[in-house]
Structures are given as structure tokens and as C-alpha cells.
**Student:** 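Right, I'll just put the structure down here and ask away after.
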Amino acid sequence: MAPKNDTQAASLTAHSDSLATTLDPIFHIIRILPFSFLRPPRLRLKLPSLTLPSPMTVYALILLTYFMVVSGFVYDVIVEPPGIGSTQDPATGSIRPVVFLPGRVNGQYIIEGLSSGFMFVLGGIGIVLLDLALDKNRAKSLKVSYATAGISSVVIAYIMSMLFIRIKIPGYLR
């Protein structure tokens with residue numbers, strides 16, 4: 001930005017001086033009179049101190065948000081599907097509960113979304129446990145425990161998610 005020259009600065013001060021002298025005298029009285037005898041109170045207010053949440057609190061909130069997103073929480077709130085469905089058994093005529101809405105990819109029961117979301121979160125936690133197993137500063141037995149739990153979580157989540165897809169879309173993964 002180019003510096004202002006002296007003529008521009010002089011014109012600005014002259015403009016502000018002329019504005020102050022040409023104002024209405026009643027405006028001056030209203031502007032000065034109340035403040036001649038009113039004093040602001042002396043307040044001893046302390047600013048609130050905000051502390052950052054712990055890393056585990058942030059991780060738990062992110063994991064909860066991830067669970068709500070992948071389980072279709074917004075869909076469940078907007079569409080309000082039933083929690084669980086039912087179908088009539090053709091052989092016996094009895095009514096059986098159905099957890100998965102078969103054949104419809106763009107629809108779900110509430111329990112279906114929650115169980116699928118739990119499997120995705122379980123797989124994510126398994127990956128985090130596998131990452132913790134690679135830490136060099138941990139004891140060997142703890143690293144083995146983390147690795148075993150991580151591998152188990154990832155495998156269970158994968159197998160169950162594939163099972164859910166086979167139930168949801170018959171004949172898709174064969």
C-alpha cells in the first residue's frame with residue numbers, strides 16, 4: 001500500500017475538525033453531560049479459564065461421532081424407520097422378527113444401522129490397538145495383548161460386515 005502524502009493527511013484532519021465544530025450543540029451536550037457526573041463501576045471480574053479436554057475425551061467424542069455417522073443416525077431421525085421388522089414364515093405361519101431390511105440398499109431398520117455402525121467402530125478400534133502394539137516403549141506382553149485384540153477386532157468386524165452385506169443383498173458376494 002502506498003504511503004499517504006502530507007496533503008491527504010492534512011485534508012483528513014481538517015475534515016474531522018470541521019465535522020467536530022459543525023455538529024449540533026445539543027448533540028455536544030448530550031454527548032458530554034451524562035459522563036460528567038456518571039462513573040463506571042469498578043468491577044473485579046475474572047476471565048474464565050478454559051482448559052483443553054484430555055486426548056482420550058477428544059478421541060471418545062470423535063469415535064462417538066463416527067459411530068453416529070456410519071450407523072445412519074441422521075437417516076433414522078429423518079425417516080423414522082421401525083426399530084426391527086417382522087415377516088411371516090410361509091411354512092408355519094408364525095411371525096418372525098427381521099433385523100435387516102433385505103433387498104433395499106437405501107433403507108434400514110434402526111437395529112441394522114446400529115449393529116453395522118458398531119462393526120465399523122470395532123474395526124477402527126482394532127486398527128488403533130494394532131497401532132498401539134507397535135509402540136517400542138511398551139512391555140512385550142502388553143504389545144502381544146494389543147496385537148491379539150487388534151487382529152481379533154479387525155477380523156470379527158470384517159467377517160460380520162460381510163455377513164451383513166450377504167443378508168442385506170442376497171447373491172451379491174458369491
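Numbers for residues simply follow the sequence, beginning at 1. We use all heavy atoms of the structure for the numbers below, so side chains are in, but hydrogens, waters and symmetry mates are not.
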**Student:** Of all heavy-atom pairs between Gly126 and Ser153, which one has the smallest distance, and what is that distance?
**Tutor:** CA-CB, 3.6 Å
**Student:** What pair of heavy atoms forms the shortest contact from Ile167 to Pro102, and how long is it?
**Tutor:** O-CB, 4.0 Å
**Student:** Should Leu101 and Ile84 be regarded as members of a common hydrophobic cluster, given that ILVMFWY residues are connected when their side-chain heavy atoms come within less than 4.5 Å of each other, either directly or indirectly?
**Tutor:** no
**Student:** Are Ile127 and Ile159 linked, directly or through intermediate hydrophobic residues, by side-chain heavy-atom contacts shorter than 4.5 Å (ILVMFWY only)?
**Tutor:** yes
**Student:** Yes or no on side chain to side chain contact (heavy atoms under 4.5 Å, CB included) for Asp89 and Ile95, after CA distance, side-chain angles and deciding distance?
**Tutor:** CA-CA 6 Å; Asp89 190 8; Ile95 295 178; over 6 Å; no
**Student:** State plainly whether one hydrophobic cluster holds both Val70 and Ile110, where clusters connect Ile, Leu, Val, Met, Phe, Trp and Tyr through side-chain heavy atoms under 4.5 angstrom apart.
**Tutor:** yes
**Student:** Would you tabulate the side-chain donor-acceptor contacts of residues 114-125 under 3.5 Å, counting partners in other chains and residues two or more places apart, or write 'none'?
**Tutor:**
unit_1: Ser115; atom_1: OG; unit_2: Ile111; atom_2: O; d: 3.0
unit_1: Ser115; atom_1: OG; unit_2: Glu112; atom_2: O; d: 3.0
unit_1: Ser116; atom_1: OG; unit_2: Glu112; atom_2: O; d: 3.0

**Student:** How is the hydrophobic cluster of Leu45 composed, in terms of its other members, when Ile, Leu, Val, Met, Phe, Trp and Tyr link through side-chain heavy atoms under 4.5 Å apart, directly or indirectly?
**Tutor:** Leu43
**Student:** What about Met160 and Leu129, same hydrophobic cluster or not, with Ile/Leu/Val/Met/Phe/Trp/Tyr joined at side-chain heavy-atom distances under 4.5 Å?
**Tutor:** yes
**Student:** Only counting residues at least two apart or in another chain, list the ones meeting side chain to side chain donor-acceptor pair (under 3.5 Å) with Asn106.
**Tutor:** none
**Student:** Kindly compute the distance separating CG (Asn137) from NZ (Lys143), expressed to the nearest 0.5 Å.
**Tutor:** 9.0 Å
**Student:** Tell me the side chain to side chain donor-acceptor pair (under 3.5 Å) pairs involving residues 64-88, sequence neighbours left out?
**Tutor:** Asp76-Gln108
**Student:** Rounded to the nearest 0.5 Å, what's the gap from CG on Leu130 to CD1 on Ile151? Could you check?
**Tutor:** 5.5 Å
**Student:** Considering only distance and modelled atom types, tabulate donor-acceptor pairs under 3.5 Å from the side chains of residues 48-63, sequence neighbours left out.
**Tutor:**
unit_1: Ser54; atom_1: OG; unit_2: Thr57; atom_2: N; d: 3.3
unit_1: Ser54; atom_1: OG; unit_2: Thr57; atom_2: OG1; d: 2.8

**Student:** Sequence neighbours left out, what passes ring pair (Phe, Tyr, Trp, His ring centres under 6.0 Å) with Phe100? Give chain and number order.
**Tutor:** Phe164
**Student:** Measure the spacing between CZ of Arg138 and CG of Asp135 and express it to the nearest 0.5 Å.
**Tutor:** 4.5 Å
**Student:** With rounding to the nearest 0.5 angstrom, report the OH to CG distance, Tyr146 to Asp131.
**Tutor:** 11.0 Å
**Student:** Would you say Val74 and Tyr109 are hydrophobically clustered, going by side-chain heavy atoms of ILVMFWY under 4.5 Å?
**Tutor:** no
